[in-house]
Amino acid sequence: MASETFKNEKEDRIYMQRCFDLARLGAGSVSPNPMVGAVLVYQNRIIGEGWHKAYGEAHAEVNCFNSVNTADQQFIPEATLYCSLEPCSHVGKTPPCADLILKMRPKRVVIANIDPNPQVAGKGLAKIGQAGIEVIQGVLDDEGKWLNRTFFTSLEKKRPYVILKWAKSKDGYLGKAGQRTPISNPLTNRLTHRWRSEVDAILIGANTAQIDDPELSVRHFTGKNPLRVLLDGKGSVSSNRKLLADNEPTLILGAPRSSLNEVKRLKHLGPKISIQAILDTLMKEKRHALLVEGGAQVHAQFLSSRLWDEIRIIENPKLLGSGVLAPQLPENIKLVEEFTISSDLISVYKTSRKPPYLFDTEPEPLTCFSTTGSPL
Ligand code: AOF
Ligand code: ZN
């Protein structure tokens with residue numbers, strides 16, 4: 001049984017925070033794996049650091065031990081290994097980190113979170129503890145779960161982590177009716193493109209595709225493009241819109257179409273597309289983080305389904321006077337972050353109904369999209 005004796009020790013929290021900072025360097029490259037960082041400390045000095053850099057590649061612990069220079073290797077048996085996630089005990093794409101730890105034998109192993117992957121789920125820490133190495137769990141536990149909220153949600157709720165994002169004017173509009181209306185400032189666009197690079201899929205509805213004709217790519221930040229997902233139940237989006245016409249992949253959820261180029265895929269989910277069906281489809285595609293970029297009706301559907309985890313709002317001081325109203329913020333949300341970028345106010349909320357990494361005990365009733373009703 002892991003001890004929590006030192007849970008509040010300042011030193012442990014400082015080095016765990018360093019693990020998180022390292023872990024975040026893997027953002028956008030490790031999915032569907034978690035972001036993990038590891039730090040080896042001897043007498044309050046970091047002698048090794050590593051993080052999981054890319055899916056399928058070495059785990060954080062391996063990179064951490066490999067980074068220790070020859071002169072410091074003698075100190076490993078007296079050192080503490082900090083790791084943001086429980087070391088794995090299974091053979092996946094790489095060998096078990098728990099075995100490596102038994103070989104290197106640091107004095108203590110301190111972790112934030114138990115790995116929710118059923119192949120690990122406490123077995124890694126137990127193996128290390130049973131070999132006589134002191135193990136401590138739960139240091140900055142909540143912060144670790146927040147960092148890896150996508151990973152925890154996908155394993156525990158069996159659905160992708162859903163982020164709803166919109167930009168609005170000071171007087172509460174998403175844009176002028178029927179026309180593309182840039183809202184956020186160019187500096188904020190760098191952040192929103194970073195957000196895109198950190199998710200696995202980005203979804204919009206038919207109205208937004210038709211009116212805004214977005215490319216949904218990562219251009220103002222360095223990183224990979226997420227899979228573009230177009231919700232087009234009625235097949236109403238013109239075939240000359242970028243999502244349908246360019247040479248980048250798009251997953252189209254909607255009515256069959258006569259012609260599409262070879263990088264587009266179409267999935268016909270029946271006459272009604274529920275949010276659950278969208279999320280199930282993405283889960284099968286191993287797309288565990290979804291950014292929903294509107295428009296208003298798509299956001300409304302996600303909000304009423306309650307199948308969302310986080311809302312990110314950009315508010316620009318301009319006044320539009322009229323147009324498409326931004327969604328109302330739902331009840332039971334908690335502001336987790338608020339900051340400004342030049343003229344824009346960025347607010348990040350999470351659902352406060354329950355921690356985002358726990359199962360819903362009772363699934364909420366779903367509102368379905370209608371292919372004959374109002375446009376998406
Ligand atoms: C660790 N350290 O840095 C990470 C862990 O297919 P694999 O071998 O890459 O294993 C992936 C699983 O390993 C992943 O689902 C999660 O349970 C764990 N990730 N574990 O000890 C790491 N990234
Ligand atoms: Zn591992």
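Every number for a ligand or one of its atoms is a count from 1 in the order of the listing.
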*Identify the closest protein heavy atom to atom 19 (N) of ligand 1: which residue and atom is it, and at what distance?*
P34 CG, 3.7 Å
_Salt bridge or not between D344 and K318? Use side-chain N to carboxylate O under 4.0 Å._
no
*By number and element, which atoms of ligand 1 are closer than 4.0 Å to a non-hydrogen atom of P87?*
21 (O)
*Is the closest basic N to carboxylate O distance between E285 and R265 below 4.0 Å?*
yes
*D280/K158 salt bridge by N-O under 4.0 Å criterion*: no
*Below 3.5 angstrom, do we get any N/O pair linking C97 and ligand 1?*
no
*Examine E57 against ligand 1 and note whether any of their N/O atoms are separated by less than 3.5 Å.*
no
*For the pair H52 (side chain) and A58 (backbone), establish whether a donor and an acceptor sit closer than 3.5 Å, ignoring hydrogens and angles.*
yes
_Counting non-hydrogen protein atoms only, what is the nearest one to atom 23 (N) of ligand 1? Give residue, atom name and distance._
H52 CD2, 3.3 Å
*Could you tell me whether R18 and E49 make a salt bridge, using a distance below 4.0 angstrom between a side-chain N and a carboxylate O?*
yes
*Under 4.0 Å from a heavy atom of V36: give me the atoms of ligand 1 that qualify, with their elements.*
3 (O), 4 (C), 22 (C), 23 (N)
*Is ligand 1 under 4.0 Å from a heavy atom in the side chain of F151, in the backbone, in both, or in neither?*
side chain
*With the Zn ion (ligand 2) as the reference point, give the N/O/S atom of H59 that is nearest.*
ND1
*Just need the protein heavy atom nearest to atom 1 (C) of ligand 1, so name the residue and atom and give the distance.*
H59 ND1, 3.2 Å
*Check each atom of ligand 1 against the heavy atoms of C88 and keep those under 4.0 Å away; list them by number with element.*
1 (C), 20 (N), 21 (O)
_Only heavy atoms of T94, strictly under 4.0 Å: list the atoms of ligand 1 that pass._
8 (O)
*Does a side-chain N-to-carboxylate-O contact under 4.0 Å join R24 and E198?*
yes
*Mode of N117 contact toward ligand 1 - side chain, backbone, both, neither (heavy atoms, under 4.0 Å)*: side chain
_Salt bridge E310-R149, side-chain N to carboxylate O under 4.0 Å_ = yes
_Quick check with a 6.0 Å cut-off and a 45 degree axis cone: is K168 positioned over the face of W166's six-membered ring?_
no
*Where the closest heavy atom to atom 2 (N) of ligand 1 is concerned, which of Q119, E61, K93 has it?*
E61
*Do any heavy atoms of H90 fall under 4.0 Å from ligand 1?*
yes
*Should K242 and E215 count as an ion pair when the cut-off is N to O under 4.0 Å?*
no
_Checking side-chain polar atoms at under 3.5 Å, does D72 have a donor or acceptor matched by the opposite partner on Y42?_
no
*Which residue from D115, N33, L155 reaches closest to atom 16 (C) of ligand 1 through any of its heavy atoms?*
D115
*Could you check atom 3 (O) of ligand 1 against the protein and tell me its nearest heavy-atom contact, residue, atom and distance included?*
A60 N, 2.8 Å
*Give the atoms of ligand 1, by number and element, whose distance to some non-hydrogen atom of E86 is under 4.0 Å.*
21 (O)
*Any ion pair linking D246 and R228 (charged N to carboxylate O, less than 4.0 Å)?*
yes
*asked:* Please report whether ligand 1 has a polar contact with L85, defined as an N or O pair separated by less than 3.5 Å (distance criterion only).
replied: no
